Structures are given as structure tokens and as C-alpha cells.
There are 2 protein chains.
Amino acid sequence: MKRHIDWVEVNAACEALDENEDSLTREIVTRLAEKWTLWTLAELAAADAPMRFSRLMERVEGVSQKSLTKVLRQLERDGLVTRVVFAQVPPRVEYQTTEIALEMLELVHPLWAWASSNVGKFQAARAAYDKRRK
Amino acid sequence: MKRHIDWVEVNAACEALDENEDSLTREIVTRLAEKWTLWTLAELAAADAPMRFSRLMERVEGVSQKSLTKVLRQLERDGLVTRVVFAQVPPRVEYQTTEIALEMLELVHPLWAWASSNVGKFQAARAAYDKRRK
DNA sequence: CAGTATCCGGCACGATACTG
DNA sequence: CAGTATCGTGCCGGATACTG
């Protein structure tokens, strides 16, 4: 059973982009695979409510303050999360996913599901490769 | 109109994995966003035929020999491409996508299509952000 | 032709200290 | 609380030279 991807369609969509748009698309997709981006986004989406910086840092286990700040700034800049600052002491900042981020996560979800359900195949492939190279 | 991702299901799938499996899943997905991986895989898939190293390097514009070699080794190790060496002088090596790689690409495709068709929204979001911060 | 080997700059990321 | 500032490390990826 052969699979078909419509590469003509894919290429058409890509060619239609100018250089700036192309690099931006690449940037968006690439960012998804950076170390904490997806996890952060997923926690915010799962909460389905505004979340404070400190709480987010608890849930995204292992992330440093610096990295979390950076990731959130990038996500905010790309319109994937909203950042609301409450003028009070001590300060309070709430983050939340936007509609467009949820759209994106819906497309990422099947990829993860597929990868995790096929993890056995990958382990087997590696074992075979390593044996061949041994 | 509210969107729903089945986070319960996602989490269930993740929890079911042991530590090794989890990190492998992460590795696979992460690799997809590395600089040349997806492009390489896409060229191989589009050709739908064995392709030589040099030809691949022409098509994946801008990749260095070193990077292409590394990417191909990783893909081979994970069972996403096959590598066939012909014992002749000058040497000839042919790469080709596997069935499982095509499955993966089918899941990645909609993500790219979505990102490129929404590139305008991202540009707008950035413009608004930069203006706010100006 | 299809790689290895080596050097190098940049930056992702962590740890720590400090601040409004 | 929610950051910034600074320092240090490791690795990604490019450039170049060499080899079976």
C-alpha cells in the first residue's frame, strides 16, 4: 500500500511565499521544536485559563527562569500567547494561549501521538543500525 | 467557537511511556525541526526514487557536506531512510525514504501548510508587538 | 564520489546574583 | 513575584582541507 503526499500542492504553497514569509514560516515551525516551547504551550493550553509566571515554571519542570522568559517573549511576539500585567505589588503577570496557538497545537498533536505510538519501531531500527555498525 | 484538544488522551499516551521511550519520542520530533532534516526528507520523498549523495546536496540548497552527512546518518539510524552502497569506483551511495518516513511526512505536511497560510497573521502579530514595545 | 578530520564562531541553555 | 544582568559551557553548523 503506497502513500501519497501531494508534493505539487506543498511546493505551490511554498513558492507562493516571498523570502521573508518563507523564513518566517520556517521560524515558526522550528521554534516548536525548541526545548521548552511546546511544553510551555501545552501547559497553558491544558490549564485553559490564565496562568502566572511562577505557576508555569512549576509545571514546566526543569526550565530555568531565563529560558522560560525567553520562550514566553517569543510566543507573545508571534501572537501565540497573551501576556497581561497587573499593576500591583508584588507584580502579577498572567499568560494564556491564543486561539491561533490552539489551532497549531491541534496539528502538532497527531504528530506526537504518532511518534509515541511508533516508538517501538524506532527503538528496533536503532538496535538494528547499531548492530550493523558494531 | 471554542476548540478542544483531548489533553487527557495526550497525557495518557505520554504517561504510558517509560523514560527511555519518552526521550526517544522527543528526540524524533525534535529532529524534524533541525535545520536540514525536513528539507532533506522532503526532497527524497518528492523524488520517490533512490537519490545519490551529490544530487541530494544540489537539491538541498545551502547544506554543507558535513551537515548533510550527519542528517542522513541520523535518519538512517532511525529507520527513516535507507542507505545503499555500491562497491565500485568512484563510489556510489543511494538514499531513499522508507515507508515510515512517508507516514511521518503526511503528518508534518498539514502543519507546514497551516503555518504558511497563516504567515500573514504572524507578521501582523509581530508588527503589533514591536510597535507596543517601541 | 562520498565521505572524514579539524578549526572556529555563534548561540541555546543553565547557574547565579541582583532589582522594581 | 517576575523578571534583568552576567558569566560560563556545550553543541550546532559553516568553511576548509584531506582520503579511499
Side-chain angles (χ1 to χ4, degrees), chain A residues 23 26-41 43-44 47 49-78 81-97 129 132-133, chain B residues 23 26-41 43-44 47 49-78 81-97 129 132-133:
Chain A
S23 88
R26 180 172 295 271
E27 219 178 299
I28 297 291
V29 176
T30 301
R31 190 165 348 283
L32 282 182
E34 277 166 23
K35 197 166 179 183
W36 304 106
T37 306
L38 215 47
W39 194 350
T40 303
L41 223 38
E43 288 294 347
L44 283 173
M51 201 185 286
R52 301 183 64 163
F53 186 90
S54 52
R55 176 145 180 72
L56 199 44
M57 205 169 144
E58 286 166 25
R59 309 216 54 168
V60 183
E61 220 168 321
V63 72
S64 68
Q65 238 176 15
K66 180 184 162 186
S67 295
L68 184 56
T69 300
K70 189 187 165 196
V71 165
L72 287 170
R73 286 290 178 284
Q74 288 173 333
L75 291 174
E76 186 197 359
R77 183 156 121 97
D78 291 335
V81 307
T82 58
R83 176 173 180 270
V84 180
V85 182
F86 296 84
Q88 60 187 46
V89 184
R92 174 173 159 208
V93 181
E94 289 186 343
Y95 295 91
Q96 192 168 11
T97 49
Y129 177 90
R132 232 180 303 145
R133 292 252 146 185
Chain B
S23 87
R26 179 172 296 271
E27 221 178 296
I28 298 290
V29 175
T30 301
R31 189 161 352 279
L32 282 183
E34 277 166 25
K35 199 166 179 183
W36 304 105
T37 307
L38 216 45
W39 193 350
T40 303
L41 224 39
E43 288 294 347
L44 283 173
M51 201 184 287
R52 300 182 65 162
F53 186 89
S54 51
R55 174 143 181 74
L56 199 47
M57 205 168 146
E58 285 165 26
R59 309 216 53 167
V60 182
E61 219 168 320
V63 72
S64 68
Q65 238 177 18
K66 177 185 163 187
S67 295
L68 184 57
T69 300
K70 189 184 165 197
V71 165
L72 287 170
R73 287 288 179 285
Q74 288 173 334
L75 291 174
E76 187 196 358
R77 183 155 120 98
D78 291 335
V81 306
T82 57
R83 176 175 181 269
V84 180
V85 182
F86 295 84
Q88 57 186 50
V89 184
R92 175 171 157 206
V93 181
E94 289 187 342
Y95 295 91
Q96 190 168 12
T97 49
Y129 177 90
R132 233 181 301 145
R133 291 251 146 185

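By convention in this document, chain letters (A, B, ...) are assigned in the order of the sequence lines, proteins followed by strands, and residues within each chain are numbered from 1. Side chains are part of it too, since the values below use all heavy atoms of this structure and drop only hydrogens, waters and symmetry mates. Note that this is a predicted model, so its numbers are computed, not measured.
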Checklist entry - Does the distance from a Lys or Arg side-chain N to an Asp or Glu carboxylate O, for Arg59(B) and Glu43(B), drop under 4.0 Å? => result yes
Checklist outcome for this item: dG20(C) -> Watson-Crick or G-U wobble partner, both distances under 3.5 Å, gives dC1(D)
Item to check | Derivation of the side chain to side chain donor-acceptor pair (under 3.5 Å) call for Ser64(A) and Ser67(A) | outcome: CA-CA 5 Å; Ser64(A) 68; Ser67(A) 295; 3.1 Å; yes
Checklist entry - What do you reckon, is CD of Glu61(B) surrounded by more than 12 foreign heavy atoms closer than 6.0 Å? => result no
Next on the checklist: What is the separation between atom CG on Leu68(B) and atom P on dG14(D), rounded to the nearest whole Å?
Outcome noted: 11 Å
Checklist entry - Trp39(A) has an atom CH2; how far is it from atom C1' of dC13(C), in whole Å? => result 15 Å
Checklist entry - Can you find a heavy atom in the side chain of Tyr95(A) that is under 4.5 Å from one in the side chain of Leu72(A)? => result yes
Next on the checklist: How many whole angstroms separate atom CD of Glu27(A) from atom P of dA12(C)?
Outcome noted: 11 Å
Checklist entry - In B/S/- notation, 5' to 3', how is nucleotides 2-11 of chain D contacted by protein heavy atoms closer than 4.0 Å? => result BBB-BB----
Checklist entry - With both distances kept under 3.5 Å, what pairs with dA15(D), Watson-Crick or G-U wobble? => result dT6(C)
Checklist outcome for this item: Against the side chain of Lys35(B), the closest entry in dC13(C), dC1(D), dG14(D) is dG14(D)
Checklist entry - Salt bridge between Glu94(A) and Arg55(A), side-chain N to carboxylate O under 4.0 Å? => result no
Checklist entry - Is there side-chain contact between Leu75(B) and Thr37(B), with heavy atoms separated by less than 4.5 Å? => result yes
